[in-house]
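The structure appears right after this line, and notes come after that.
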Amino acid sequence: MKKLTYKFSNSTVNYYFAAGFSLLKKITEEKNSIIITDENVYNAHEKKFKGWSCIVLKPGEEYKVQATVDAVIGQLIEMEAGRQTTLIGVGGGVITDITGYVASVYMRGIPFGFVPTSLLAMVDASIGGKNGIDVGVLKNMVGIIRQPGFILYDMDFLRTLPQNEWENGFAEIIKHAAIKDAAMFRELEAGSYKKFQSGKKAISDLVQRNALIKTNVVQQDEFEKGDRRLLNFGHTLGHALENQYELSHGRAISIGMAYASVISQKLIGFSKPGRVTGLLLKYDLPTFADFDKRKVFEVLKMDKKRERKEMNYVLLEKIGKGVVKSIPMKELEKMIYEL
Ligand SMILES: NC(=O)c1ccc[n+]([C@@H]2O[C@H](COP(=O)([O-])OP(=O)(O)OC[C@H]3O[C@@H](n4cnc5c(N)ncnc54)[C@H](O)[C@@H]3O)[C@@H](O)[C@H]2O)c1
Ligand SMILES: [Zn+2]
């Protein structure tokens with residue numbers, strides 16, 4: 001186990017890497033804690049939850065809504081949760097988002113921590129303090145920025161993670177490499193799912209490295225005024241595609257990253273779009289979609305990153321170095337039609 005502590009603007013987060021679930025007992029008092037998890041995680045790892053009070057939710061993004069939050073609050077009241085209660089989200093990003101949000105509004109805020117169980121939650125969703133829910137088709141429309149007290153990493157959970165969820169996680173890992181870490185990009189080029197799924201140390205190291213990349217970016221820009229926007233690499237077009245078509249988040253942003261690499265080549269002379277698409281393909285992620293340009297551009301115009309007539313777009317200067325460029329909407333439209 002390796003404990004690292006990071007300071008954010010008004011709180012401290014303890015990371016427990018390469019830990020076992022049993023360490024939880026040492027971090028928080030069992031009798032003053034309530035675990036929030038989902039049925040998939042609970043059923044696959046039932047033994048681990050023995051002795052803990054649990055609220056087990058139905059799995060899936062469609063449950064990341066206010067109605068679930070209300071139901072959880074009702075259960076917390078019934079369980080007599082108070083200000084000294086710690087909520088622990090044990091699950092993927094849906095569970096960590098719901099847990100962080102509920103803990104932030106219940107009694108105006110109680111302590112919380114995470115045990116991320118999907119690769120995506122380990123390297124992305126559990127980090128950074130954004131916790132929110134969806135409203136209709138609008139993702140993460142309502143929420144709060146508040147850091148968890150701790151994040152505990154138990155790699156044993158990944159044993160039961162379905163392959164398509166590995167792909168979602170690797171899309172974000174490749175994103176981190178592309179914008180921040182050329183050495184990790186090369187290691188991913190030399191690696192494979194086989195390597196990371198069979199070697200406990202390999203995946204544990206990779207997860208830790210990615211968790212810290214995101215942590216560093218967030219730490220420098222907790223409230224998203226600058227550098228944090230780099231984490232949106234592939235996400236502008238990706239979100240628009242995800243909204244329009246039945247695509248997983250990982251596959252959508254993979255296509256978004258491939259196109260952003262081509263746009264980077266056209267606008268700022270990025271010379272290696274082929275390496276980006278090559279790496280995505282290596283991890284079974286798509287790099288192309290035959291999409292309705294007009295429809296997707298309509299959605300893209302609504303993106304949160306737009307500022308009047310310009311869009312802040314994340315591009316690559318080189319492998320390992322992302323930059324935010326403001327592109328006039330007219331020019332972006334033209335480029336998307338040319339893709
Ligand atoms: N707060 C943030 O900064 C942030 C960042 C990125 C993503 N997110 C959010 O995270 C969510 C996506 O996260 P996700 O991909 O983890 O989704 P998820 O929570 O829906 O998990 C994906 C699926 O894997 C299952 N699962 C999780 N761990 C498992 C395990 N160990 N064994 C077997 N099954 C397991 C879940 O039950 C679910 O069916 C989205 O709602 C997204 O908006 C938030
Ligand atoms: Zn993402």
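These values consider heavy atoms only, across backbone and side chains, with no hydrogens, waters or symmetry-generated copies. Atoms within each ligand, like the ligands themselves, are counted from 1 in listed order.
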If you round to the nearest 0.5 Å, how far is CD1 of I35 from CD of E30?
8.0 Å
T85 to P111 - nearest heavy-atom pair and separation:
O-CD, 3.3 Å
Which atoms of ligand 1 are found less than 4.0 Å from any heavy atom of P59?
37 (O)
Please find the pair of heavy atoms, one from N131 and one from D97, that lie closest to each other, and give the distance.
CB-O, 3.6 Å
Short N or O distance, A44 and ligand 1, threshold 3.5 Å exclusive
no
Note the single closest protein heavy atom to atom 36 (C) of ligand 1, along with its residue, its atom name and the distance in Å.
D38 OD2, 3.4 Å
Given that the side chain starts at C-beta and the backbone is N, CA, C, O, which of these parts of K64 lies under 4.0 Å from ligand 1, counting heavy atoms, or is it both or neither?
side chain
Scanning both residues in full, the closest heavy-atom pair of G129 with Q147 reads N-OE1, 3.2 Å
Within reach of ligand 1, part of E172 (heavy-atom separation under 4.0 Å):
neither
When you measure from atom 16 (O) of ligand 1 to every protein heavy atom, which one gives the shortest distance, and what is it?
S118 OG, 2.6 Å
Could you tell me the residue and atom name of the protein heavy atom closest to atom 3 (O) of ligand 1, and the distance to it rounded to 0.1 Å?
K214 NZ, 3.5 Å
Does CE in M1 sit with more than 12 non-hydrogen atoms of other residues, nucleotides or ligands closer than 6.0 Å?
yes
At under 4.0 Å between heavy atoms, which part of T117 makes contact with ligand 1: side chain, backbone, both or neither?
both
One residue to check: L161. Relative to ligand 1, which of side chain, backbone, both or neither has a non-hydrogen atom less than 4.0 Å away?
both
Have a look at ligand 1 and work out which part of D134, if any, has a heavy atom under 4.0 Å from it: side chain, backbone, both or neither.
neither
Can you pull out the closest protein heavy atom to atom 41 (O) of ligand 1? Residue, atom name and distance to 0.1 Å, please.
E61 OE1, 2.5 Å
Could you pull out the closest heavy-atom pair between T117 and V41, with the gap in Å?
OG1-CG2, 3.6 Å
At a non-hydrogen distance cut-off of under 4.0 Å, which region of E39 contacts ligand 1 (side chain, backbone, both, or neither)?
neither
In a check of side chain to side chain contact (heavy atoms under 4.5 Å, CB included) between F270 and each of I263, I319, V262, L315, which one passes?
I319
Protein N, O or S within less than 2.8 Å of the Zn ion (ligand 2), waters excluded
E172 OE2, H235 NE2, H249 NE2
When rounded to the nearest 0.5 angstrom, what distance separates OH in Y63 from CG in L57?
10.5 Å
Are V105 and I36 connected in the hydrophobic side-chain network, where two residues link if heavy atoms are under 4.5 Å apart?
yes
Between K130 and ligand 1, does any nitrogen or oxygen pair lie at a separation below 3.5 Å?
yes
Please tell me if the side chains of D156 and H45 come closer than 4.5 Å, counting only heavy atoms from C-beta onward.
yes
Return the residue, atom name and 0.1 Å-rounded distance of the protein heavy atom closest to atom 18 (P) of ligand 1.
V94 CG2, 3.9 Å
Step through it carefully: locate the ring centre of F114, locate the ring centre of F112, and say whether they are under 6.0 Å apart.
yes
of all protein heavy atoms, closest to atom 33 (C) of ligand 1 is T160 O, 3.1 Å
Any idea which protein heavy atom is nearest atom 34 (N) of ligand 1, and the distance to it?
P162 CD, 3.9 Å
Could you tell me which atoms of ligand 1, counted from 1 in the order shown, lie closer than 4.0 angstrom to a heavy atom of D124?
5 (C), 6 (C)
Mind checking whether M122 contacts ligand 1 via backbone (N, CA, C, O), side chain (CB onward), both or neither, at a 4.0 Å heavy-atom cut-off?
neither
Assigning hydrophobic clusters by single linkage (Ile, Leu, Val, Met, Phe, Trp, Tyr; side-chain heavy-atom cutoff under 4.5 Å), is I213 placed with L280?
yes
Considering non-hydrogen atoms only, spot the tightest contact between E242 and A252 and give its length.
CB-CB, 3.9 Å
With hydrophobic residues grouped by side-chain heavy-atom distances under 4.5 Å, do I55 and V102 end up in a single group?
yes
Over all heavy atoms of both residues, which pair between A18 and S204 is shortest? Give the atoms and the distance, please.
CB-OG, 3.8 Å
Walk me through whether T215 and Y15 qualify under side-chain hydrogen bond (donor to acceptor under 3.5 Å, both in side chains).
CA-CA 10 Å; T215 302; Y15 292 65; 2.7 Å; yes
Atoms of ligand 1 less than 4.0 Å from E165 heavy atoms?
15 (O), 22 (C), 23 (C), 24 (O)
Counting heavy atoms only, name the option from G93, G91, G143 that's nearest to atom 14 (P) of ligand 1.
G93
Look at atom 21 (O) of ligand 1 and say which protein heavy atom is nearest, naming residue and atom and giving the distance to 0.1 Å.
G92 CA, 4.1 Å
Less than 3.5 Å between some nitrogen or oxygen of N168 and one of ligand 1, yes or no?
no
Is it the side chain, the backbone, both or neither of N131 that has a heavy atom closer than 4.0 Å to ligand 1?
neither
L316-F288 co-clustered via ILVMFWY side chain contacts under 4.5 Å:
no
So is N40 polar-close to ligand 1, meaning N/O to N/O under 3.5 Å?
yes
Assigning hydrophobic clusters by single linkage (Ile, Leu, Val, Met, Phe, Trp, Tyr; side-chain heavy-atom cutoff under 4.5 Å), is L279 placed with M257?
yes
